[in-house]
Structures are given as structure tokens and as C-alpha cells.
Amino acid sequence: MSEFKRNTSDPDTSRRGFLRGGALAVGGAVGGMAAALSARAMAGEPSELITQVQEWNQIPGDGVDAAPYGVPSEFEADVVRRSVPWLTADPISSVNFTPLHALDGIITPNGLCFERHHGGVAQIAPADHRLMIHGLVDNPLVFTMEDLQRFPRENRMYFLECAANSGMEWRGAQLNGCQFTHGMIHNVMYTGVPLKLLLQEAGVKPNAAWLLAEGADASAMTRSIPLEKALDDCLVAFKMNGEALRPEQGYPVRLVVPGWEGNMWIKWLRRIEIGDQPWHQREETSKYTDLLANGQARRFTWEMDVKSVITNPSPQAPIAHGRGHAVLSGLAWSGHGRVKRVDVSIDGGRNWQTAQLDPMRMPKSLRRFYHAFEWDGTELYLQSRAIDEFGHVQPTKTELRSARGENSIYHNNGIQTWQVRGSGEVENVEIS
Amino acid sequence: MSKSLNLVLLLAGLCVSAPAQAQDADAGQKIFKKCKACHAVGDGARNKVGPHLNGIFGRVAGGGADYKYSKAMVQAGDDGLIWDVDTLAAYLEKPKAYIKGTKMSFAGLRKDKDVANVTAYLQSFSMTSSKPEAEPSGSSQSSDEVVAVATTEPVSQLMRATHGQYHLGRIALPEEILAWDIDVRPDGMGLPDGRGNVARGGELYDEQCAVCHGAFGEGEGRWPVLAGGQGTLKDERPEKTIGSYWPYLSTVFDYVHRAMPFGNAQSLSNDDVYALTAYLLYLNDIVSDEEFELSKENFNAIRLPNEGNFVADSRPDELHYTAQIEPCMQDCKPQPAEVIMRARVLDVTPQGQEGETTGAIE
């Protein structure tokens, strides 16, 4: 309960907060019901978990080094990335999804960050990797990984969202679980060199306006990026959450393009060409262009708009505890900057309340929100609506469809609805 | 006590000498006894019967200063032989077989492990070497800079880093840029010399592309469709292909060249890619003559039909963003919510059965 109190760092306040919260729950009308439930449990048989000495109380477990690189508890075996096999022809060019419903806070553990590759996972020894910068520069340069690590570096927390996240939902509710509807996102602390420094090292010519970033994998992934963005906040990163990038995230080095669609964050980054025009590569013409109802298509739709989703409860994380005190939790983000506010509704958008935002608030990073409510066991329609610091309000799916039609595939940031039944089961639905 | 001190020193040593594996190098030091008669390495090493081996990694064969190599070794260097893990291994295994006419009278190391260890040992002197021959005279760089510049990259020794603020990295050579710079722009920048016609493209396509993309570009199973779909962009199920959707032909050339055939990327010659691009135009009814030949010269004359239908990002102009009204908090809808669509009806979530889909990821 103390997690909802703002000032948790002060032990006194949080303890008082906890006590006060507890008293409220017991005293309140619905809270009385919850209290009655736990009182019944207390009045029943004593729990053997407590009265009996358990195996783990008695027999020592593994010593140190049982797992030189630690792995999650065996009881967390369900918390894995999952894919939707019918989406793509071949796993070599495919995608899987972050299990958002099983995570809390804002950091995505490295092993759970969703994957999207177009030519499989390249395995590259750092000693064999080179990054070339050429084109409209004074000195075309080649860097080794050692060279890169001698530049000044920064640590920054950013979300990476695939532009196609929620893309399967354009024509209506389809996939049952926020892992699948919203799981093409992760949020990681990157350590890397500002791209600006590398470009300055090569010396960018005055007529330069664009750059082409290319990967060393079998798809030789490429994207055109305006120079302005490259000089603003892009990073050439070699660490994620403190350790080396995972191979599936571009080891040994990837591009970080904060707030912009994930496809541009070239993994296994091996080449940056500076030019005066965009290249119109396959991933910015055939793909990652947003087809509108009138047959025209938007191109270079880079920013990821303001968006949020309730991760608990959600179809893969139903309410198991029955009626009583309940906590709803979710994630909000905006490619434009910081999330300023999140509203939640439990009645399908008729009435809204402002959710409790976790204090960790970085621009272009996930933000965690919580909302506590008393569940009386009736049907609920849960929604969340994020607002960023520039006043962008997350639109409804209806608004998006009326502006763009249903064939956009990309950039679906519409408000998600979860239906909670009396049983606690949750389903992805669309409502009137 | 002294043991833990050693560990600290060892760790400190590891930090500076980077990738070479310490253990291999230790074992390699023993093997190097077999070389010591003729070679010196380390601080103050000089040429003996053979050249000193400081900084050998990344050095051109026969490239040591003030040593008279055999003609064969000099020739090997001129032909581009650069010492690295692989070339050293080959030479040390069978010197005379690898470089016919080398004057190194050494039978060779028989065990792969010995070769690996001794190269690891030599590598450790390449990491820290700042011997004069490793760089041109007159440099005022710190030895640190020489390390990264001199040893991780072969050619760097021939060049001094004078660029930028940190002097990191080294100049990319024209051949290297040529090898990697394969991108093509709509204005034709980057197109290589070459040519190929529809008929040749058809042969290549049937051999290398049709299994996945279908005989007519219609796409087998879930593999991408490459042809057709013209006039469907406003339909409920638009078919986006080269002919119906792609704005520029340069993208076809560029993409096929860099990424296709799937599973064997960058295996096609420039002529092959011209021919395949010509054939894809033919499959999309943009050219109709089987004799039509596409080349660098006529490439820019061809326009794809949908070029004019791409517009700038206009999301910021959408009403829901421009309205700037305070979002409604109370009594926002007249009626209670009613379900109009459910995910379960489709049941296409992985745990369930495979079913009909209403949209696919791209």
C-alpha cells in the first residue's frame, strides 16, 4: 500500500501512510468486505506453510556460483517473450513481444526486451566489428569498438517502440493480451557515445542534411535520419541496463534514436553515410509508411506519439483475488518528451480519474502509473489516457480511424479497453 | 596475502591489455622459447636472425623496419598479406608452404593450441607496442593513442590520425568505402555500372526468387507479394507491391542488392540486380518488352506509378491533437459502454488456435 504514497523515501511518512491506508480499508464500506475475507482465512485452519518446517527452511540451497550468470527463479518460467507465429513467414524475419503484464516499474530486463529482426540475430565478435562514417565529411573514418569506448559517453533511459506496436488492432480487437497488443516496446538504460561526437570527429560538411545508418546483419538494415536529429539526442550505444547489449539487440553496438520508431534504431551498426537527401530505403517506402483511407501514404512518420496501456489487470493477468481492494497499473510514454498525466476509467470512458504517477519521469522513457480502487465484482471496462508535457492527449481508436482509416498498420496509439468480468477474467474488447 | 596481491596485479594487467586472453598468452610465452633463437619481442627487442616481433599484429608482412626480408616475404606484403590471428596461424604452421621462399628456417608448430597460444602471446606485444616503426616519425601522440590506432587496424600504421578532437578511429580507405557503400538513391546516386534485361532477370528470378515470392510475384504462403495490386490502395484489403505502392525504382535495386535472396544476401552481381529489377518491372506491367534492358544509363528514366501518392507526416494536424481542449473527466458518454468487438471471437492469440486474421505486421 505504501507504494501509492508519494514520499516513500521517508520511512516515517511511509509507515504512517501505510497505517492510515490500512485503517481506511478496514473502516470503509467495501473495505469492510475485504477485511471480512481475510478475517475468515484467519479464523480457519492454521496454514501449514507457517506451522510446518519447510524443506527450504531446513536444507541449504545452492552455494555461490551455482549460476555464474544469474537467471530468474524457476517460478518465473512463464515470464518470457512470446511470438505470434502466423504473423510472419519465417522466424528469421519476425518479431516477439515483451511480457508487459508480468513486469513492474519501468525497466525492461534485457532478456525480456522484444525482438524484431529482418535477417536473424547477427553474432559479431567485437574485435571484428567496425563502424564507418563517410560521405559528406572532411575525413571518412573507421572506428573499432575500442575506439568508440574512448569517447565521452552518457547514460540515458529511453523506450524503444516498434511503429507497428498495436498495428494488429487497427481493424478491431484482435490479440488477447497486452503482451501482444502493446509488447513491441522496451525501456532500457543505454550507455553510449553521443552520435554528435562521432560526426564531429569526422567533420560534417556544410551541405550535409541527412544520414543513412546501416546494420551489419544479413538484412543490412538501413534508415535515413535527418542530421538535426542525429546532432540532437542520438546515441551510439554499447551497453543496455549496465551490461553489454544482447546479441538480439545489436551487440556489439546499436543506434539509439530517442522517441522515434524502433526500426530506425539500427542494430549491429556498421556504417553511417552523410548525405544531402534521404535515401528512400525499403524500410521507409514499402514499410513504415502509413497508408491513409484516401490511398495516399504518409512517409517519414518518425515520432512515437503519446500512448499508454493498463498492464494489470489485462487478459494474461486477470484479477485473481476477488472483490475488494484492487490495484490497477500500467505504462505511459511519449516520443515527444515526458508524460505529464495519466487518467484512468473503469467504466469505459464515461468517468475518469487521474492516476498516481510514479516519480521516475525521464523524457522519452516509460512512466509507471497506479490506480487503487475498490472492486465490487461488477463488470469493468478499463481504459487509460496519457497526456504529455506538450499537451498531446492520447486519442481514442475511433478518432484515429476517422483521421486515417484502417490500413495504416503503424502508429496506433489509441486508447485500449480491457473488459473485466465478474470472474476476474479480462478480455481485449472494443466498446461503443 | 601475496597471492591476493598477484590477483590484483593480474586483474590490473588484464584491464590494460584488453582482448588477448591472459592464459593463452602465458602458455604462449613458453612456446615462444622455440622462436627466441631468431626473434625478440618485448621491451627493447631488436632484430636478430629474424625481425623483432613487437607490433606484428596488423603489420604488413615484411613490414618491420631495418630488417632485410626475403623477396618472397616482401612480395607477400605487397600482395596485401597482413598479420592477424589467421594469417599468423597459417604461417607458423607451415612457413615454407604458406610463403614459398621465406627465409625463416623453422619447420613450423604442429599443434593448433601452440599456434593459438603463441599468437596470443605475440598479440599482447602488439597491444602495448609503441615502437618507432609502428608509426611515422615526428608524431606527438601519446603511446595510448598509438595503441588503438596502430594495432587494431592494419592500415592505420601508415597513417597518422590528425582528424577531429579526440583523434580516434582512422581514415577509411577508398576500397573500404567502395566495399560497404552499396546504397542507391532515387536520383541515381550510388548506381553501379552494369546492365541486365528482362529475359535474364526471369531466369534468375525463377532460380532464386520464385520459391518464396511465387512465379508471378504473387507470394507463396506468407512470403511477400512483389507484383500486382495496382488500384487497390483504397480498398479494404490493399495490396502493396512494387507496382502498386513503392515510390522509387532505386529502392528495388538497393534492397534486392543488399538483402535478397533471403538467406544468401549480397551474393548477386550488379548485372544480376539490374536484370532482376528489370524483371520485377515486367512482372508489374511497367515494362512489357522481354528484351528491355535496364542499365545505369536508362535507370532514372523509369518512374513507378505511385510516386506522387506519398505525403509528409501530418499527424500533428489531426483534429484530436490540434483541438487542445481539456479532456473530459465526468459523464463523458451518454450511455454505458457496450462491447462491439472481442478478441476472443477471432481467437488468434497464440495459446488458442490459428485463425483468420484481420491484419498483419510488416
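What's counted below: heavy atoms across the whole structure, side chains too, no hydrogens, waters or symmetry copies. By convention in this document, chain letters (A, B, ...) are assigned in the order of the sequence lines, proteins followed by strands, and residues within each chain are numbered from 1. The shown structure was predicted, so the numbers you read here are calculated from the model rather than taken from an experiment.
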Is it the backbone or the side chain of [X] that comes under 4.5 Å from a heavy atom of chain A, or both, or neither?
X	answer
Tyr248(B)	side chain
Met189(B)	side chain
Trp180(B)	both
Glu220(B)	neither

Note to self: I'd like to know if Glu326(B) and Arg341(A) make a salt bridge, using a cut-off of under 4.0 Å between side-chain N and carboxylate O.
What the structure shows: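 Judged by the 4.0 Å cut-off on N to carboxylate O distance, Glu326(B) and Arg341(A) do form a salt bridge.
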Check: Is the shortest side-chain N to carboxylate O distance from Asp181(B) to Arg271(A) below 4.0 Å?
Finding: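 Answer for the salt bridge query: yes.
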Contacting region of [X] [heavy-atom separation from chain B under 4.5 Å]:
X	result
Glu303(A)	both
Asn413(A)	side chain
Gln419(A)	side chain
Thr354(A)	both
Ala297(A)	both
Leu291(A)	both
Glu273(A)	side chain
Thr396(A)	neither
Leu198(A)	neither
His134(A)	side chain
Glu284(A)	neither
Thr222(A)	side chain
Asn428(A)	both
Phe300(A)	backbone

Rounded to the nearest 0.5 Å, how far does [atom2] of [Y] lie from [atom1] of [X]?
X	Y	atom1	atom2	result
Gln165(B)	Gln200(A)	CD	CD	7.0 Å
Arg315(B)	His411(A)	CZ	NE2	4.5 Å
Asn309(B)	Arg298(A)	CG	CZ	14.0 Å
Leu304(B)	Thr285(A)	CG	OG1	9.5 Å
Asp90(A)	Phe262(B)	CG	CZ	5.0 Å
Met260(B)	Ser219(A)	CE	OG	9.0 Å

Check: Is there any residue in residues 329-339 of chain B with a non-hydrogen atom under 4.5 Å from a non-hydrogen atom of chain A, and which ones are they?
Finding: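 Only Met329(B), Gln330(B), Asp331(B), Cys332(B), Lys333(B), Pro334(B), Gln335(B), Pro336(B), Ala337(B), Glu338(B), Val339(B) of residues 329-339 of chain B have a heavy atom under 4.5 Å from chain A.
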Tell me which of these, [options], has more heavy-atom pairs under 4.5 Å with chain B than the rest.
options	value
Asn294(A), Leu292(A), Leu212(A)	Asn294(A)
Leu141(A), Thr181(A), Ile92(A), Leu148(A)	Leu141(A)
Arg350(A), Glu430(A), Glu399(A)	Arg350(A)
Leu131(A), Asp217(A), Asn139(A)	Asn139(A)
Met221(A), Glu379(A), Arg421(A)	Arg421(A)
Pro140(A), Ser345(A), Pro126(A)	Pro140(A)

Checklist line | Intermediate values then yes/no, side chain to side chain contact (heavy atoms under 4.5 Å, CB included), His320(B) and Leu400(A) | finding: CA-CA 8 Å; His320(B) 45 263; Leu400(A) 286 178; 3.8 Å; yes
Check: Counting N and O atoms only, with roles assigned by atom type, does the side chain of Glu201(A) sit under 3.5 Å from a partner on the main chain of Tyr166(B), one being a donor and the other an acceptor?
Finding: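 Yes, Glu201(A) side chain to Tyr166(B) backbone: donor-acceptor pair under 3.5 Å.
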Check: Taking Asn407(A) for the side chain and Asp235(B) for the main chain, is one N or O donor matched with an acceptor at less than 3.5 Å?
Finding: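 Side chain of Asn407(A) to backbone of Asp235(B), a donor-acceptor pair under 3.5 Å: yes, one is there.
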Quick check on the interface: out of [options], who has the most heavy-atom pairs with chain A under 4.5 Å?
options	result
Asn306(B), Ile325(B), Thr251(B)	Thr251(B)
Asn264(B), Asp183(B), Val252(B), Ile177(B)	Asp183(B)
Pro224(B), Ala265(B), Ser314(B), Gly308(B)	Ser314(B)

Next item on the list: Could you walk me through whether Asp254(B) and Trp279(A) pass side chain to side chain contact (heavy atoms under 4.5 Å, CB included), step by step?
Entry: CA-CA 10 Å; Asp254(B) 177 287; Trp279(A) 278 259; 5.8 Å; no
List the atom of [X], the atom of [Y], and the distance in Å for their closest heavy-atom pair.
X	Y	answer
Arg171(A)	Pro238(B)	NH2-CD, 4.3 Å
His280(A)	Pro186(B)	CD2-CG, 3.5 Å
Cys328(B)	Arg385(A)	O-NH2, 3.0 Å
Ser286(A)	Tyr245(B)	O-CE2, 3.7 Å
Leu233(B)	Gly295(A)	CD1-O, 3.9 Å
Gln266(B)	Ala220(A)	NE2-CB, 3.7 Å

Please tell me if the side chains of [X] and [Y] come closer than 4.5 Å, counting only heavy atoms from C-beta onward.
X	Y	result
Asp276(A)	Arg185(B)	yes
Arg258(B)	Arg282(A)	no
Arg404(A)	Glu318(B)	yes
Ile171(B)	Val142(A)	no

Next item on the list: Please assess His163(B) against Asp138(A) for the test side chain to side chain contact (heavy atoms under 4.5 Å, CB included), listing each intermediate value before the final yes or no.
Entry: CA-CA 8 Å; His163(B) 58 268; Asp138(A) 300 329; over 6 Å; no
